[in-house]
Amino acid sequence: MDDVDKKIDLPKAYEPAQHEKEIYQLWLDSGFFNPDNLRTDGPTFTISMPPPNATGILHIGHAVGLAIEDAVIRYKRLQGYKVLWLPGTDHASIATQTKVEKILASEGTDRHTLGREKFLERVKQYVADSQGTIREQIRRMGSSCDWSRERYTFDDGLSQAVNEAFIRMYNDGLIYRGYRIVNWCPRCTSTLADDEVEYEEQQSKLYYIKYGPFVVATTRPETKLADTGVAVHPDDHRYQKYIGQSLDIDLAGHKIKVKVFADKSIDPKFGSGVIGVTPAHSMVDYDFATKYGLEIIKLIDEQGKILASGGKYAGQSTLEARNNFVADLQVANQIEKIEDFNNNLSICYRCQTPIEPLTSEQWFVAVDKKIPYRNKSLKELAIEAVKHKDIRIMPRRFEKIYFHWLENLHDWCISRQLWWGHRIPIWYTDDQQIIVAHDEAKAKAKANGQNITQDQDTLDTWFSSSLWTFSTLGWPDDTKDLQLYHPTLLMETGYDIIFFWVARMILMTEYLLNDKPFALVYLHGMVRDKEGRKFSKSLGNGINPIEMIDKFGADALRLSTIIGTSPGNDFRIYEEKIAGYRNFVNKLWNISRFIFSSVQKIKRVEKEPQPKTLADAWILSEYNDLVEQITSDFHRYDLSSAGEKLYEFTWSKLADWYLELAKFEKNKDEILLYILERLLILWHPFTPFVTEQIWKQFEAPHLMIVEHWPKAGKQDQEAIKAFAELMELVAMIRNLKAENKMRVDNKPDCYIENDFLIKESKLTAAYLAGVTWQNSVIDGVKFNTSHGYFIINLHKPLKEQELENMKKYIADLEAKLTNKAFTENAPRQIVDETRKKLEQAKKKIAP
RNA sequence: GGUCGCAUAGCUCAGCUGGUUAGAGCGCUACAUUGACAUUGUAGAGGUCGGAGGUUCGAGUCCUCCUGCGACCACCA
């Protein structure tokens, strides 16, 4: 061993847990997460981090997003962009309130007992306790986001933005209060937006009720107490005579008055072909009421109890009322039959409680109303932003889904009867006047001395998130940050919230800023377990990203979320996969370790070294090809492809061939260091920790995060071809040795004849193949390669199967070439290539 | 009911605008291994690309139909 003056401090295996925290601290201390500290005049590049719930813990879906976003951010930073990745958290009104209510329930109390003020204090405390957790977990992933600009949807600035947005929309007539049917969750005692309702198939009963001259089928008999209409198909001859009439119906003593009307949406074949219409408690029926002028009788209140309009059933829960009413109908002989029936029950997306549609006075955003000075509706603005390609969605097919959703969007109910959230900036005066204002003081000033009370409701949590890309940069003030970093470039998120969030951000930004929130939407797929199932609490199949980081390192976890995945498609993550990438990270570590220990002096090599051998020319060409390809992959946001190519180059080319051969050819310090230094930079977006740790050995003036992305040099095509021949030769000989049960240290004589390989390359090949090179022809068996042959004292004949395959291959090629249709129609290049292939194949089976 | 996606080696997945005897990782088999790495190396076995038809000189790769999984949207009175 040469005693050289260098110190190598690299243990045998890379232990992520020993380095990651320290490295993250180095990055933090450097200040380079903050674009103000980047010494660059480059253009800006911004990503707004989708804010996780302030009370949540990091789940694997977040980990995927963070890995992708950080890879892009680090790539752009290395490329010299002025990069801002703005982190933050969401107050998640309904989710958080539900969570705290569960805690209260376990303590035997509830929010009403506590009262609004105390409850809010309790939630704030809870958020304060858990916000730090998610922040820490984002750091564990290695996220290079600018913590100095961290925001929270409920902090003062963002609350100001929310009020400003509300007021502008109110003044433009885009927000109104109306008495309408809404989705109501009786447990949350709040409204929900249409897309906050989920469906769950369940077994239920279909009751056939004798209903005046009709039989009406229903899954919810109790609602019939508030029917005001009966619908039939216009062509249904059975009921022609009733259409247009008003009928008095007796339902086990409960009297109702219904108007019979015809609508072609009625299926004459379903049930009895007659529908009892309950406008106050069914979305569809409400539309009927509007269309045909039916009376609306509210039957069920906000607690899910029957109102006075329900007669003797008043005060009962809907379920009690159903049972009692059906029993009464049975006594009155008005139940014709009861069938089993599967239907989709609508449930609350936060607490899974069945939704009770009911009429109520709420605040809405009008999506179809023309904006006065724009002459377009919100809906139109949002559609045009994508249609005119200002915003692109990846993958493309989600654009269609986006359009479909917007085209069918109804007015957005934004008031929630929750306590945790942005209070609606509306005050009511003694004389019923409505005042909209930024705060109570301003509202008072407008009230001319009258008493005022603020609206009790809060805003849909997605209202504040829809402002996220710009409210976080200081809007409504015209800040420097807003000018510099908005619109953002990339919105990376899961396809499951394209409606909740992505669409609403586009809609609000187009309206408020007359601009787009981002140029490109990158939608990652959902993470599934090894069996392809969704992660769920009930299955207990969740993978905790922090546990995985503890076990395998953040770099390995990041790789497993990026390589082998593509936007919009679901993918599986499981321990063995992460362990595989842990192995790779260790390989990269050991490649570096080998190079550092074999070179005379560790140093940075500025210029591409001159190749001295075929292998040198080959590896430099491969490296340059790699730089070119992955730069282009990054440009297209094809991170998976970039990662795969890096992996392939690092392990299969550099480690398996070039390093092995460097042990023989020697004196490759310059090339090894030149390539390693740059390879680490290329890996850095994916595996920031290990690369930064190895980087320390170079004693470079800067941390790796602010190094420069390499530029691709020239490729030597001849060298690539010749080296392919060398690899083929080596593989054949190794194979022969293995087939002949020959030990590795048994090195038979071998003579090599080859057009492509000069003497030095033949020596290298012999070394790699494990044979003793002979300068002149020897006795033995001759084996053909594509461009030459070798003679070796081994007797493995070409296997019968192989020979047959080869003959068939040759026959196929010959058939192709004698086919005029092929030679005349196919491009010249293809035909020539086919001829060459035939020649080579023939050579191989020649004696 | 509407829209869309997926079906490629035992498993997980690549295969872009159609043109090398279809690739990788894991797993499997055999051999090796005190000197970068067993979180390793070398070699090997293993798919004709869900099915049927079509376009084309040529299809895993485009079109049609079918089958099976899955997602989303709508609706189920």
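Remember, it's a predicted structure, so these values are computed and weren't measured experimentally. Throughout, protein chains are lettered first and strands after them, A, B, ... in sequence-line order, and every chain is numbered starting at 1.
Rounded to a whole angstrom, the distance from the C1' atom of B/G60 to that of B/C76 is 41 Å. Rounded to the nearest Å, the gap between the C1' atom of B/U55 and that of B/C11 is 36 Å. Rounded to whole Å, the separation between the P atoms of B/C37 and B/G41 comes to 12 Å. Here, B/C72 and B/C26 have their C1' atoms 32 Å apart, quoted to the whole Å. Annotation: B/C13 and B/A71 have their P atoms spaced 15 Å apart (nearest Å). When the P atom is used for both B/G1 and B/U48, the distance is 35 Å, rounded to whole Å. Rounded to whole Å, the C1' atom of B/C28 lies 9 Å from the corresponding atom of B/G46.
Residue pairs meeting the salt bridge (Lys or Arg N to Asp or Glu O under 4.0 Å) criterion with at least one member in residues 260-287 of chain A, sequence neighbours excluded: A/Asp263-A/Lys291. Each salt bridge (Lys or Arg N to Asp or Glu O under 4.0 Å) pair with one or both residues in residues 723-737 of chain A, not counting sequence neighbours, appears once here: A/Glu728-A/Lys844. Residue pairs meeting the salt bridge (Lys or Arg N to Asp or Glu O under 4.0 Å) criterion with at least one partner in residues 335-345 of chain A, sequence neighbours excluded, are A/Lys205-A/Asp340, A/Lys337-A/Glu339. For residues 548-557 of chain A, the pairs satisfying salt bridge (Lys or Arg N to Asp or Glu O under 4.0 Å) are A/Arg140-A/Asp550, A/Lys551-A/Glu575, with sequence neighbours left out.
Across A/Val277, A/Ile249, A/Val258, a single residue satisfies side chain to side chain contact (heavy atoms under 4.5 Å, CB included) together with A/Val230, and that is A/Val258.
If A/Phe594 and A/Pro268 are placed on RNA chain B by their nearest nucleotide, the residue sitting closer to the 5' end is A/Phe594. Between A/Tyr14 and A/Tyr199, the residue whose closest nucleotide on RNA chain B is further toward the 5' end is A/Tyr14.
Going from atom CZ of A/Arg582 over to atom P of B/C26 covers 12 Å, rounded to whole Å. Counting to the nearest Å, the C1' atom of B/C31 and the CG atom of A/Asn746 are 14 Å from each other. Counting to the nearest Å, the P atom of B/U21 and the CE atom of A/Met806 are 11 Å from each other. In this structure, the CD atom of A/Glu198 is 15 Å from the P atom of B/C75, given to the nearest Å.
Between A/Lys379 and A/Glu407, none of the side-chain N atoms (NZ, or NE/NH1/NH2) sits under 4.0 Å from a carboxylate O, so this pair counts as no salt bridge. Look at A/Arg396 and A/Glu399 and you find a salt bridge, because one of the NZ, NE, NH1 or NH2 atoms lies within 4.0 Å of a carboxylate O, short of that distance.
As judged by a 4.0 angstrom heavy-atom cut-off over every strand, A/Glu407 is placed among residues making no nucleic acid contact. When heavy atoms are screened at a 4.0 angstrom cut-off, A/Ile266 is found touching base atoms of the nucleic acid. Counting any heavy atom pair closer than 4.0 Å across all strands shown, A/Thr219 reaches sugar-phosphate atoms only and no base atom. Residue-level contact check: A/Lys269 touches neither bases nor backbone, having no heavy atom under 4.0 Å from any strand. Within 4.0 Å (heavy atoms only), A/Phe341 reaches sugar-phosphate atoms of the nucleic acid but no base atom. A/Arg636 comes within contact range of no nucleotide atom at all, as no heavy-atom separation falls under 4.0 Å.
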Revision key, fill the gap. Note, RNA chain B 5' to 3' with Watson-Crick or G-U pairs under 3.5 Å encoded as ( ), [ ], | and . gives (((((((..((((.....[...)))).(((((.......))))).....(((((..]....))))))))))))....
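Between the side chain of A/Lys12 and the base of B/C37 there is no donor-acceptor pair of N/O atoms closer than 3.5 Å.
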Nucleotide N/O of nucleotides 56-60 of chain B paired with protein N/O under 3.5 Å:
from	atom 1	to	atom 2	distance (Å)
B/C57	O4'	A/Ala821	O	3.2
B/C57	O2'	A/Asn819	ND2	3.4

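Here the nucleotide nearest the side chain of A/Asn343, chosen from B/G44, B/A77, B/U21, is B/A77. For A/Glu660, whose side chain is taken as the heavy atoms from C-beta onward, the closest listed nucleotide among B/C37, B/C72, B/U21 is B/C37. Relative to the side chain of A/Phe270, the nucleotides B/C37, B/A77, B/U20 differ in distance, and B/A77 lies closest. Closest to the side chain of A/Lys534, from the set B/A71, B/C37, B/U21, is B/A71. The side chain of A/Ala731 has B/A43 as its nearest neighbour among B/U40, B/G25, B/A43. For A/Val284, counting side-chain heavy atoms from C-beta on, the closest listed nucleotide (B/A77, B/G44, B/C76) is B/C76. Considering only the side chain of A/Lys741, B/A30 comes nearest among B/A30, B/C73, B/A36. For A/Asp656, the listed nucleotide lying nearest its side chain is B/U42; candidates were B/A36, B/U42, B/A71.
For A/Phe664, the ring pair (Phe, Tyr, Trp, His ring centres under 6.0 Å) partners are A/Tyr767, not counting sequence neighbours. Residues satisfying the side chain to side chain donor-acceptor pair (under 3.5 Å) criterion with A/Lys400, sequence neighbours excluded, are absent altogether.
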Revision key, fill the gap. Scoring nucleotides 5-17 of chain B by protein non-hydrogen atoms under 4.0 Å (B base, S sugar-phosphate only, - none) yields S------SSS---
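The main-chain N or O of A/His281 is never found under 3.5 Å from a side-chain atom of A/Arg220 such that the two would form a donor-acceptor pair.
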Atom pairs and distances, donor-acceptor, side-chain atoms in residues 647-654 of chain A, under 3.5 Å, two or more places apart:
from	atom 1	to	atom 2	distance (Å)
A/Thr650	OG1	A/Leu646	O	2.6
A/Thr650	OG1	A/Trp683	NE1	3.0
A/Lys653	NZ	A/Glu622	OE1	3.1

Tell me which donor-acceptor pairs under 3.5 Å the side chains of residues 578-589 of chain A have, and how far apart each pair is, sequence neighbours excluded?
from	atom 1	to	atom 2	distance (Å)
A/Asn586	OD1	A/Tyr14	N	3.0
A/Trp589	NE1	A/Pro11	O	2.8

Name each donor-acceptor pair under 3.5 Å that joins a side chain in residues 828-839 of chain A to protein atoms two or more places apart or in another chain, with its distance.
from	atom 1	to	atom 2	distance (Å)
A/Gln829	NE2	A/Glu833	OE2	3.3
A/Thr834	OG1	A/Ile830	O	2.7

Review point. Can you list the steps and then say if A/Asp633 with A/Gln629 is a side-chain hydrogen bond (donor to acceptor under 3.5 Å, both in side chains)?
Key: CA-CA 6 Å; A/Asp633 285 340; A/Gln629 291 209 41; over 6 Å; no
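The side chain of A/Arg734 contributes an N or O atom lying less than 4.0 Å from OP1 or OP2 of B/A43. Applying the 4.0 Å criterion to OP1 and OP2 of B/U39, one finds that A/Trp651 has every side-chain N and O outside that range. Remark: A/Lys400 is not in phosphate contact with B/U3, judged by side-chain N or O atoms under 4.0 Å from OP1 or OP2. The phosphate of B/C75 (OP1 or OP2) has no side-chain N or O of A/Asn344 nearer than 4.0 angstrom.
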